[in-house]
Amino acid sequence: MKAVDANLLEFLKKGTQFVVPIYQRVYSWDAAECERLWDDILYAGKRDSVGAHFTGSIVYVEKEQGTRTSAEPDLIIDGQQRVTTVTLLLAALAARLEQLPEDEQELVEGFAPRKIRGLYLTNPLEDGERFFKLILSQGDKDALKSLIRQAPIPNDASSRVFTNYELFASKLADPAVDLVAVCLGLKKLIVVDVRLTRGADHPQLVFEAMNSTGKKLSQADLIRNFVLMDLSPKDQTRLYEDYWYPMEREFAGVHAGRFDEFVRHYLTMRTGTTPRFGDIYDAFKTHAVGVEGEETLRANVVIDLAKHARWFVAMALGNEPDPALSKAFAEIEQLRATVVYPFLLRLYADYEQGVLGKEDFVEILRNTISYLFRRVICRVPTNSLNKTFAGLAGSIDQARYVESVGARYLTLGSYKRFPTDLEFDEALRVEDLYHSQRAPYFFRTMENHGRKEEVSTADYSIEHIMPQNANLRAEWKIDLGTEWKDVQSRLLHTLGNLTLTGYNPELSDRPFLEKRDIGGGFKNSPLRLNQGLGQLEAWNEAAINARAAELAAQAVSIWKRPQLSEETLAGYRSEFLESTGFDWTLTHDILDAIPAGQWTGYHYLAEAVGTAAQAIANHIARCSTCAHPYRVLTRDGRVAELFAWSDPNDRRDPTEVLQSEGVRFIRGFADPEQKLVTEDLLALVEDET
């Protein structure tokens, strides 16, 4: 690698041709970056004291020697944004100078329009693509070529190449702009000319080290460069056009941000570990280096990624052609349960290969939706879900596909558990559904379950049958009885008192009988959720509870729990324990995260990780890598009688250690105000979602 300071115009003049590789991101500088470069150029051009202005680095892989009849161009791997922008300014400057009288066009020596074009923009003696000094990647290639050829700008032009050219053209057309200063400023632009030798230098490592200025690259940009940069131009083009570009196009527009999410799910599926969003690129590099071979380079990684992207797009972005699968995927998106996708990518792979039939796939999806939604309603903390779904595929028995997945769901314990019918039923009756983010999904599903022609509920709102108004009308007070305030307080936002209507303003806080009989009221409502309301004479606590029980029973039958016998589950429990053992990773993470000055109990820690308090005590006692074991006490805040340090030579008093860290003891018991319960422990290690 050779790096030297160079005048930017000299750099462009001496280079035969620079090509932005096909895998590089499109030209993306916007007005802010262009304005900054413009200001820098004018500042340098107007001040004799400024001898040069540094504008960044240009990193390129030098061309090969080639033959007498062909030669490879230099490939720009970093700095394409500033090179393109300066090229656009030069093209606009040449066009502006051509508008001046012929004898005034060369305001500064070397800046006549024909010299600008012949020295910095084109190779006048060449034909075809060799005519152009700079060739951009696919999305902007034709746009820049048309500008250099001085072709008219199309009305529907979308490339930023056209936008930024017009920006510079408008600035240069301003009579107040000093064109001499622009030319002098351009002459003073300095770059670090970084030339890499093919076969000797590693372009990707240099690119990463130097990509700290300019417009920040996304994780997707970094991954694309990594997988394609070291390949030959021929292989780059093949992989980009056949695999990467079609994949990238699927995530264009409003879905652009989901590419990073997809790669995170892909890595979780492939490695069993969920990287944080800021570490996706590094995690991908580690994975790719681990699986690629000398012969295949990175082609297999790109192909595998593109294949899984197609499945993710089918599931998450609504591209699934099968109606039954599409409906289930849509529900998962409505639940915003993105943590399930590593598991679903494995299922989709088996579905594509014919290992998993469509009906079985749908049944597993329904069980997954039930698992997720029941946990939401029962307020089971979601902290462990990333780890749950990262490892769930390991429980699959392809010979008993549906049964093995259902068994794993049913054998998950504590905060990973699948709520029972009774737990789900009771929570549905008493939970504040009105303020739940999943309420629209719940009522839409309840209304349309079993319908062949679904009713769109988008234009309906959730209605309180008993009004929210704190100052209820007299009719309501009579219906609800002397304890009406208590009834309203307890049941207002619960399932029994909620329904859907398109007449919310008309119904308002009218008495129940008026709500029932008014035009658009409950008696004439076409919605299933309102069936039965038209036959009631009053709305009171008994009616609310009766309706809650009826709707909760329907919900239990919709969001079903897998049904397996205890004998079958017992067999699976043994299999799961033998195949995986207990995963103590979450335990170690929590112990490491408990801060000084606080403590927890064996019971709370066991509940957080899904095991028994005694198992926690036994593990801590013999684990040499458990951090801060002394911060785990009995439930009432005492050091356990059998507590021992893993190092037999450690003679410290755990109580004294805790006190030195700030834990207060009152008559031998740790202060309960400093205690971390289950929810607190899980919050310490909450996953990014």
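Numbers for residues simply follow the sequence, beginning at 1.
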Of the non-hydrogen atoms in [X] and [Y], which two are nearest, and what is the gap between them?
X: L633; Y: A670; answer: CD1-CB, 3.7 Å
X: Q488; Y: P467; answer: NE2-O, 3.0 Å
X: G601; Y: V632; answer: C-CG1, 3.8 Å
X: C378; Y: P419; answer: SG-CB, 3.7 Å
X: V362; Y: A324; answer: CG2-CB, 4.0 Å
X: R366; Y: K327; answer: NH1-NZ, 4.5 Å

Less than 4.0 angstrom from a charged side-chain N to a carboxylate O is my criterion; do [X] and [Y] meet it?
X: D421; Y: R374; value: yes
X: E261; Y: R258; value: yes
X: E431; Y: R379; value: yes
X: R310; Y: E352; value: yes
X: R270; Y: D304; value: yes
X: E423; Y: R417; value: yes

Are the side chains of [Y] and [X] in contact, using a 4.5 Å heavy-atom criterion?
X: R516; Y: L533; result: no
X: P629; Y: L591; result: no
X: Y604; Y: D680; result: no
X: I620; Y: L605; result: yes
X: F522; Y: F512; result: yes
X: I544; Y: L495; result: no
X: L267; Y: H287; result: yes
X: R429; Y: T494; result: no

Can the ring centres of [X] and [Y] be said to be less than 6.0 Å apart?
X: Y630; Y: W645; value: yes
X: F669; Y: W599; value: no
X: F312; Y: Y341; value: yes

Determine yes or no for a side-chain-to-main-chain donor-acceptor pair under 3.5 angstrom, with [X] supplying the side chain and [Y] the backbone.
X: T634; Y: A640; value: no
X: R547; Y: L498; value: yes
X: E447; Y: V455; value: no
X: S489; Y: D486; value: no
X: T268; Y: G272; value: no
X: S436; Y: D432; value: no
X: K560; Y: S370; value: no
X: D279; Y: P275; value: no
X: D322; Y: L325; value: yes
X: N497; Y: L492; value: yes

Distance from [X] atom [atom1] to [Y] atom [atom2], nearest 0.5 Å?
X: Y281; Y: I223; atom1: OH; atom2: CD1; value: 8.5 Å
X: N386; Y: T273; atom1: CG; atom2: OG1; value: 11.5 Å
X: C623; Y: I616; atom1: SG; atom2: CD1; value: 10.5 Å
X: H493; Y: M466; atom1: NE2; atom2: CE; value: 9.0 Å
X: T411; Y: L564; atom1: OG1; atom2: CG; value: 9.5 Å
X: N367; Y: R561; atom1: CG; atom2: CZ; value: 10.5 Å

Does the ring pair (Phe, Tyr, Trp, His ring centres under 6.0 Å) test come out yes or no for F442 and W559, once each step is laid out? CA-CA 10 Å; F442 172 74; W559 288 277; 5.5 Å; yes
Is the [X] ring parallel, tilted or perpendicular to the [Y] ring (thresholds 30°, 60°)?
X: Y266; Y: H308; answer: perpendicular
X: F389; Y: F343; answer: tilted
X: Y351; Y: F361; answer: tilted

Decide side-chain hydrogen bond (donor to acceptor under 3.5 Å, both in side chains) for R438 and Q334; before the verdict, give the C-alpha distance in whole Å, the side-chain angles of both, and the deciding distance to 0.1 Å. CA-CA 8 Å; R438 309 300 189 274; Q334 290 159 18; over 6 Å; no
What do you reckon, is [atom1] of [X] surrounded by more than 12 foreign heavy atoms closer than 6.0 Å?
X: Q437; atom1: CD; result: no
X: E483; atom1: CD; result: no
X: F329; atom1: CZ; result: yes

For the residue pair [X] and [Y], confirm or rule out a side-chain donor-acceptor distance under 3.5 Å.
X: Y572; Y: E403; answer: yes
X: Y441; Y: E333; answer: no
X: T499; Y: E463; answer: no
X: S525; Y: N530; answer: yes
X: N618; Y: Q614; answer: yes

Trace of the side-chain hydrogen bond (donor to acceptor under 3.5 Å, both in side chains) decision for Y401 with D350: CA-CA 10 Å; Y401 217 120; D350 286 348; 2.4 Å; yes
Trace of the side chain to side chain contact (heavy atoms under 4.5 Å, CB included) decision for L676 with L684: CA-CA 10 Å; L676 299 176; L684 292 175; 4.0 Å; yes
Within 45° of the six-membered ring axis of F277 and under 6.0 Å from that ring's centre, is NZ or CZ of R264 located there?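 That pair qualifies as a cation-pi contact.
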